[in-house]
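Let me begin by presenting the structure, written as structure tokens, before commenting on it.
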Amino acid sequence: MKDLKIDLGADKIKIEKKKDFLTLKDYSRDEILYLLSLAADIKKEKEIFGDRLKGRNIAMLFDKHSTRTRLSFEVAIAQLGGNCINLDASSLQIKRGETIQDSARVFGRYLDGLIIRTFAHETVQVFADNSNITVINGLTDKYHPCQALSDLFTIDELGLLEKELKFAYVGDCKNVSNSLMIAFSKLGLNITIGCSPKYGPNYETLQYCYQLAEESKSRINIIDNPFEAVAGADIIYTDVWISMGDKDSEEKINELSAFQVNSKLLAYANPGVKVMHCLPAHRGQEITSEVLDGSHSAVWQQAENRLHAQKALLVYLFSENF
Ligand code: CP
């Protein structure tokens with residue numbers, strides 16, 4: 001991490017412990033760096049912290065499909081000695097009208113933690129506000145902090161976590177790009193967003209991140225020309241254009257077509273450019289198979305790192321000695 005590195009010995013740094021992980025807005029630069037360091041230790045030594053979740057019961061409540069988030073959390077909890085309970089959202093009384101507030105109060109009587117994937121971000125906030133257990137956001141309409149944390153870890157592994165890095169996020173801007181912008185601005189890293197004005201970052205997140213970037217002396221560049229956005233980039237990142245639950249939109253696909261990550265776009269980037277995608281990918285839409293499966297792709301390493309980063313997060317949030 002070069003100049004961003006801090007002395008991360010657990011006994012040497014005092015970090016205010018946070019109860020929930022709903023958005024990276026609630027986490028300091030030092031906490032994020034600490035979690036990245038912990039993830040690196042965990043990846044190197046798989047058995048480390050093997051019993052840190054012993055006796056802990058953590059449930060997962062997913063209103064939307066998931067492969068990586070669900071599976072990596074389930075494996076992570078098992079490897080840390082905890083018990084993971086997969087809740088079937090359709091069979092809970094919430095589906096019959098029991099309020100989230102009442103459900104959250106009950107969850108708090110049985111569980112130590114709850115990982116939620118849902119539509120409105122306000123829902124995870126209501127769960128967090130009405131229970132005394134740790135709530136982790138596994139994706140909402142606004143944020144995907146687990147993805148962004150893990151992506152920072154991948155970028156660090158690629159040896160690129162430094163201010164001079166040119167990181168270009170291209171395409172549709174929503175939860176993942178929101179969380180990446182927050183993370184980058186907190187860490188003082190520059191970020192370029194290549195997007196059509198219609199599908200750019202939302203105003204509220206952008207204003208928040210501009211403020212952070214001013215404090216951390218970093219830059220957020222919004223560029224509507226895809227080739228200019230990726231010119232000289234070390235990393236190009238993209239995400240699906242049509243999110244879960246959204247209808248296919250010909251208009252949106254046409255509007256974003258110039259931002260497809262393909263070999264023509266890559267030709268404008270640094271020759272050693274790495275390509276990231278949080279997956280699942282819509283091959284042939286936001287990214288071509290040629291790029292996804294090609295030598296520039298870091299997506300499988302990126303997917304694996306969800307496990308290591310989330311183990312770090314779980315140890316940090318649930319382990320007594322942290
Ligand atoms: N990137 C991501 O969150 O993957 P899943 O939707 O499969 O969990």
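These numbers come from the heavy atoms of this one structure, side chains and all, not from hydrogens, waters or symmetry mates. Numbering of ligands and ligand atoms starts at 1, following listing order.
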Worksheet item: side-chain hydrogen bond (donor to acceptor under 3.5 Å, both in side chains) between Ser216 and Arg29: does it pass, once the steps are laid out?
Response: CA-CA 10 Å; Ser216 70; Arg29 173 186 181 277; over 6 Å; no
Discussion item. Using side chain to side chain contact (heavy atoms under 4.5 Å, CB included), reason through Glu157 and Asn305 one step at a time and then give a plain yes or no.
Written reply: CA-CA 10 Å; Glu157 276 195 330; Asn305 284 338; 2.9 Å; yes
Worksheet item: Passes salt bridge (Lys or Arg N to Asp or Glu O under 4.0 Å), Lys19 versus Asp26? Steps please.
Response: CA-CA 10 Å; Lys19 181 175 167 281; Asp26 301 331; over 6 Å; no
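Ligand 1 is approached by Leu279 to a heavy-atom distance shorter than 4.0 Å.
Between Lys198 and Glu251 there is a salt bridge, since a side-chain N of the basic residue sits under 4.0 Å from a carboxylate O of the acidic one.
At a 3.5 angstrom cut-off on N or O pairs, Cys278 counts as close to ligand 1. Not one N or O of Pro280 is nearer than 3.5 Å to an N or O of ligand 1, by distance alone.
Atom 6 (O) of ligand 1 has as its closest protein heavy atom Arg117 NH1, 2.8 Å. At the top of the distance list for atom 4 (O) of ligand 1, counting protein heavy atoms only, stands Arg68 NE, 2.9 Å.
Cation-pi geometry between Lys311 and Phe49 is not met at under 6.0 angstrom from the ring centre and within 45 degrees of the axis.
Atoms of ligand 1 found under 4.0 Å from any heavy atom of Thr67, numbered from 1 in the order shown, are 5 (P), 7 (O), 8 (O). Atoms of ligand 1 lying under 4.0 Å from at least one heavy atom of His144, given by number and element, are 2 (C), 3 (O). Counting atoms of ligand 1 from 1 in the listed order, those under 4.0 Å from a heavy atom of Gln147 are 1 (N), 2 (C), 3 (O). Taking every non-hydrogen atom of Arg306 and a distance limit under 4.0 Å, the qualifying atoms of ligand 1 come out as 1 (N), 2 (C), 3 (O).
The aromatic rings of His308 and Phe153 lie perpendicular to each other, with more than 60° between the two planes, well past the 30° mark.
Residue Ile85 belongs to a hydrophobic cluster whose other members are Leu22, Leu61, Leu87, Leu92, Ile94, Ile100, Val106, Phe107, Tyr110, Leu111, Leu114, Ile116, Val124, Val126, Phe127, Ile133, Val135, with links defined by side-chain heavy atoms closer than 4.5 Å.
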